[in-house]
Amino acid sequence: MTDPTPARVRFAPSPTGRFHIGGARTALYDFLLARQTSGQFILRIEDTDRKRFVPGAEEEIMESLHWLGLEWDEGPDVGGPFGPYRQSERTQIYQQHAELLVERGYAYPCFCSPERLSQVRKQLLKVKQPPRYDRLCRRLAPEEAQARVQAGESHVIRFKTPRDGSTTAVDLLRGPITVQNASLDDYILLKSNGLPVYHLAAIVDDYLMKITHVLRGSEWLPTFPLHVLIYQAMGWDQPIWVHLSVFLNPSGKGKMSKRHAGVKAIYVLDLKQMGYLPEGLLNWISLMGWSFDDHTEFFSIQELIEFYSLQKLNPSPAAVDYKKLDHFNGHHIRDLPTEDLVHRMRPFYETAGLVVDDAQLSQIAPLVQERIRTLEEAVEISGFFFRDTVEPDPAQLIGKNMTPAESAKAIRRAYQVIEALPTMDVEPLETALRFLADEIGLKAGQLFGILRVAVTGQRVSPPLIESMAVIGKVEVLARIERAIALLETQAEVE
RNA sequence: GCCCCCAUCGUCUAGGGGACCAGGACGUAGGCCUUUCAAGCCUAAGACCGGGGUUCGAAUCCCCGUGGGGGCACCA
């Protein structure tokens, strides 16, 4: 819509931990741009750091993305014309490019030990200088350096950052960002183990994979100029750069973290388990840093694809608001066709140890649909349908402004009325019970209140009459009978 | 310490010089509806960080403060 040229965008997570909503938002924005322009959404795994590698992390990323419906066109598992898509399988490519930079005089081998490096940093910090490399090896004659490399001496490859002048990097949301080159370090490009660092790997891959738009977190802003310098050294055209703002804790203080999320989860798979819908989660996430207009808030995936626009991105940090997630999720639950809701609720009942079948669930779904915000809540509010017995709190069985004896008497009459009914059809049942209430001088609410607790075991429940119809006459009568007993026991105590 | 980014209701945001006594949403409060709870509908309270400019006119542009965030690893 905004850009007719097919975009090639990549989501490039590191398998270093669990997959959270920040990553999900970046992936969503990538996906939307690709779909909107009929381009490609690429999944690339940035696993160049062996030390931080977490087994299973890559699988969680993929599982989360699948669940969210953010399917990629190229990736480690599905392949593609620019593979491999796992950086650990592309080591040679990075080494070749690092060598190229050295040959051209844009990079140099550095033989300094990690110990010396931290020594230098400590020293600089002491005199209140930025902790950087002192560029000792940059002064080495190329021939000498080359010889030492040939001799097998351990070394890294560093970028030869210009000493003076400035570099301007252009971010789509922020415009040109200019920094003095003197404030930049001679960053390491290739580690001594031969593996690349992000700065090299990401740039090389983005170029080789013909990425048109780079969407990434704003934590890359400080090294953004370095990335531009590498592009310039390589003689490559830059992609469009978009730095997304970070998510803040609900308090608005500090970057979103597990510790501060409280009872709510920040991991996609946890949210799934809590009963959130992909639709609800995506809708919520999409609006954290992006907007469509001044009043439209509910979007389906299709609508997001249609309406998404990089121009409407907001560069300021956003605090996560779980209340809003509940709101969006509730809306999307209400939006679901009943059969779809049944299908999605089912696993939650099973997890709770309840035996359900789709026919029952189909009757219950409409009763709970407009009063739940998560699928998990469906179990809380309607578990009584599937339990053999309910355990009402005797105190709650007492009708409003009534005594236990009066309450018992009232539902004893209700028992008789229901028993005499040929069916449990909603309309005649409601008519009969309302008539009864009138006859014995009660408000419908009083009678219904007692019956509600008797039948559902809860003070709050789905609509009573409909619920009784689903439960069935035999079971309803059994539950009322038990409630009568409980009430009479109380009456005797008095 | 240095570098970079950001700044509208509690929160997410609309706003890109006059259409703004600043709009929407979540949340909050009250009401309607109602067999409970929701949902739905209505109403209310609630913000342009401060100071200088520029301009006939600034939430919108510039500068300085302040505040918040991010970064300164052979991590990404």
Side-chain angles (χ1 to χ4, degrees), chain A residues 12-14 16-17 46-49 51-52 110 112-114 117-118 121 124-132 154-158 169 171 173-174 177-180 183-185 187-193 195-199 201-202 216-225 243 245-246 248 250-255 284 287-298 312 314-328 330-331 334 368-373 377 381 430 433-434 437 443-449 451-453 456 458-465:
Chain A
S14 288
T16 52
E46 310 219 327
D47 57 347
T48 56
D49 185 7
K51 292 187 291 294
R52 292 212 306 155
C110 168
C112 295
S113 67
L117 261 24
S118 64
R121 271 194 294 270
L124 285 166
L125 235 27
K126 205 175 286 178
V127 287
K128 309 232 183 269
Q129 292 287 305
R132 289 202 294 256
S154 178
H155 67 283
V156 301
I157 301 295
R158 284 184 183 274
D171 174 76
L173 311 181
R174 290 159 252 258
I177 297 166
T178 301
V179 299
Q180 295 303 311
S183 73
L184 265 22
D185 204 348
Y187 299 93
I188 289 172
L189 262 23
L190 205 67
K191 299 181 259 189
S192 59
N193 63 5
L195 295 180
V197 133
Y198 172 89
H199 307 305
R216 37 138 67 158
S218 62
E219 65 267 23
W220 294 112
L221 245 19
T223 44
F224 185 16
H243 292 88
S245 63
V246 295
L248 266 26
S251 63
K253 302 276 183 202
K255 199 174 166 181
W284 176 56
L287 259 7
M288 299 181 66
W290 175 81
S291 63
F292 175 60
D293 59 16
D294 64 348
H295 65 282
T296 314
E297 302 238 277
F298 290 109
K312 301 285 281 182
N314 186 331
S316 53
V320 295
D321 181 358
Y322 288 105
K323 289 269 182 54
K324 204 143 187 170
L325 168 60
D326 285 344
H327 175 253
F328 279 118
H331 178 91
R334 273 170 256 132
V368 301
Q369 189 157 21
E370 66 182 21
R371 55 201 95 221
I372 57 173
R373 302 162 92 89
E377 283 175 8
I381 197 178
E430 176 163 4
L433 288 175
R434 281 186 187 281
K443 295 203 164 178
Q446 287 176 296
L447 180 61
F448 286 15
L451 285 172
R452 182 185 311 284
V453 175
T456 70
Q458 305 164 183
R459 226 170 201 158
V460 172
S461 80
L464 177 65
I465 311 296

Worksheet item: Does A/Asp321 come within less than 4.0 Å of A/Lys324, counting only side-chain N to carboxylate O?
Response: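 The answer is no: the pair does not qualify as a salt bridge.
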
When you compare [N] with [M], how far apart are their [atom1] atoms, in angstrom units rounded to a whole number?
N	M	atom1	value
B/C33	B/C42	P	15 Å
B/C63	B/C5	P	11 Å
B/C9	B/A29	C1'	16 Å
B/G24	B/G65	P	37 Å
B/G30	B/G53	P	47 Å
B/C20	B/U8	C1'	12 Å
B/G51	B/U66	C1'	10 Å
B/C62	B/U28	P	39 Å

When you measure from the side chain of [X] to the backbone N and O of [Y], does any donor-acceptor pair fall under 3.5 Å?
X	Y	result
A/Ser218	A/Ser245	no
A/Ser251	A/Lys253	yes
A/Ser183	A/Gln180	yes
A/Asp185	A/Tyr187	no

Worksheet entry | Set of ring-ring contact (aromatic ring centres under 6.0 Å, His included) partners for A/His327, sequence neighbours left out | A/Phe298

Item to complete: Can you sort out the partners of A/Trp284 under ring-ring contact (aromatic ring centres under 6.0 Å, His included), two or more places apart, ordered by chain and number?
Response: A/Tyr322

Fill in: Phosphate-side-chain proximity, A/Arg373 and B/G27, N/O vs OP1/OP2 below 4.0 Å
yes

Discussion item. Below the 4.0 Å mark, does B/G24 have OP1 or OP2 next to a side-chain nitrogen or oxygen of A/His295?
Written reply: no

Using purine N1 to pyrimidine N3 plus N6-O4 or O6-N4 for Watson-Crick, or N1-O2 and O6-N3 for G-U wobble, both under 3.5 Å, which nucleotide pairs with [N]?
N	value
B/G27	none
B/U66	B/A7
B/C72	B/G1
B/A14	none

Distance in angstrom units between [X] [atom1] and [N] [atom2], rounded:
X	N	atom1	atom2	value
A/Leu433	B/U36	CG	C1'	15 Å
A/Arg434	B/U35	CZ	C1'	6 Å
A/Leu464	B/U34	CG	P	17 Å
A/Lys253	B/G70	NZ	C1'	15 Å
A/Arg334	B/A38	CZ	P	12 Å
A/Phe298	B/A39	CZ	P	11 Å
A/Ile465	B/U35	CD1	C1'	7 Å
A/Phe328	B/C26	CZ	C1'	8 Å

Practice prompt. Please name the pair of heavy atoms, one in A/His243 and one in A/Arg216, separated by the smallest distance, quoted to 0.1 Å.
Written response: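 Smallest interatomic distance, heavy atoms only, reads NE2-NH1, 2.8 Å.
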
Worksheet, complete the sentence: For A/His199 and A/Ile188, the nearest pair of non-hydrogen atoms, with its separation, is CD2-O, 4.3 Å

Item to complete: Could you tell me which residues satisfy salt bridge (charged side-chain N to carboxylate O under 4.0 Å, His left out) with A/Glu46, sequence neighbours excluded, listed by chain and number?
Response: A/Arg44

Worksheet item: What pairs with A/Arg459 under salt bridge (charged side-chain N to carboxylate O under 4.0 Å, His left out), at least two apart in sequence or on another chain?
Response: none

Worksheet item: Ignoring hydrogens and angles, does a donor from either the side chain of A/Arg452 or the base of B/U35 sit under 3.5 Å from an acceptor on the other?
Response: yes

Practice prompt. Consider the side chain of A/Asp294, meaning its heavy atoms from C-beta on, and name the nucleotide among B/C3, B/G23, B/G69 that approaches it most closely.
Written response: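 Looking only at heavy atoms from C-beta outward on A/Asp294, the closest nucleotide is B/G23.
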
Worksheet item: From the list B/U35, B/A14, B/G71, which nucleotide is the closest neighbour of the side chain of A/Pro222?
Response: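 The nucleotide sitting nearest to the side chain is B/G71.
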
Item to complete: Select base, sugar-phosphate, or nothing to describe what A/Pro462 touches, counting heavy atoms under 4.0 Å on all strands.
Response: base

Worksheet item: With sugar-phosphate meaning primed atoms plus P, OP1 and OP2, does A/Gly330 contact a base, only sugar-phosphate, or nothing at under 4.0 Å between heavy atoms?
Response: nothing

Practice prompt. Using heavy atoms to find the nearest nucleotide of RNA chain B for A/Val460 and A/Ile177 separately, return the residue whose nucleotide is more 5′.
Written response: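 The answer here is A/Ile177.
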
Worksheet item: Of A/Arg132 and A/Ile372, whose closest RNA chain B nucleotide lies nearer the 5' terminus?
Response: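 Its nucleotide being nearer the 5' end, the pick is A/Ile372.
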
I'd like a list of close polar pairs between nucleotides 6-13 of chain B and the protein, N/O only, cut-off under 3.5 Å.
{"unit_1": "B/C12", "atom_1": "OP1", "unit_2": "A/Ala319", "atom_2": "N", "d": "3.0"}
{"unit_1": "B/C12", "atom_1": "O2'", "unit_2": "A/Leu287", "atom_2": "O", "d": "2.9"}
{"unit_1": "B/C12", "atom_1": "O2", "unit_2": "A/Lys324", "atom_2": "NZ", "d": "3.2"}
{"unit_1": "B/U13", "atom_1": "OP1", "unit_2": "A/Gly289", "atom_2": "N", "d": "2.8"}

Worksheet item: Run the side chain to side chain contact (heavy atoms under 4.5 Å, CB included) check on A/Phe448 and A/Ile465 step by step: do they pass?
Response: CA-CA 9 Å; A/Phe448 286 15; A/Ile465 311 296; 4.1 Å; yes

Pairs under 3.5 Å (N/O, protein and nucleotides 73-76 of chain B):
{"unit_1": "B/C74", "atom_1": "O2", "unit_2": "A/Ser192", "atom_2": "N", "d": "2.8"}
{"unit_1": "B/C74", "atom_1": "O2", "unit_2": "A/Ser192", "atom_2": "OG", "d": "2.8"}
{"unit_1": "B/C74", "atom_1": "N3", "unit_2": "A/Ser192", "atom_2": "OG", "d": "3.0"}
{"unit_1": "B/C74", "atom_1": "N4", "unit_2": "A/Cys112", "atom_2": "O", "d": "3.3"}
{"unit_1": "B/C75", "atom_1": "OP1", "unit_2": "A/Lys51", "atom_2": "NZ", "d": "2.9"}
{"unit_1": "B/C75", "atom_1": "OP2", "unit_2": "A/Lys191", "atom_2": "NZ", "d": "2.8"}
{"unit_1": "B/C75", "atom_1": "O2'", "unit_2": "A/Asp49", "atom_2": "OD2", "d": "2.8"}
{"unit_1": "B/C75", "atom_1": "O2'", "unit_2": "A/Arg52", "atom_2": "NE", "d": "2.9"}
{"unit_1": "B/C75", "atom_1": "O2'", "unit_2": "A/Arg52", "atom_2": "NH2", "d": "3.2"}
{"unit_1": "B/C75", "atom_1": "O2", "unit_2": "A/Arg52", "atom_2": "NH1", "d": "3.4"}
{"unit_1": "B/C75", "atom_1": "O2", "unit_2": "A/Arg52", "atom_2": "NH2", "d": "3.2"}
{"unit_1": "B/A76", "atom_1": "OP1", "unit_2": "A/Thr48", "atom_2": "OG1", "d": "2.6"}
{"unit_1": "B/A76", "atom_1": "OP1", "unit_2": "A/Lys191", "atom_2": "NZ", "d": "3.3"}
{"unit_1": "B/A76", "atom_1": "OP2", "unit_2": "A/Tyr198", "atom_2": "N", "d": "3.1"}
{"unit_1": "B/A76", "atom_1": "O4'", "unit_2": "A/Arg52", "atom_2": "NH2", "d": "3.3"}
{"unit_1": "B/A76", "atom_1": "O3'", "unit_2": "A/Ser14", "atom_2": "OG", "d": "2.7"}
{"unit_1": "B/A76", "atom_1": "O3'", "unit_2": "A/Glu46", "atom_2": "OE1", "d": "3.2"}
{"unit_1": "B/A76", "atom_1": "O2'", "unit_2": "A/Ser14", "atom_2": "OG", "d": "2.9"}

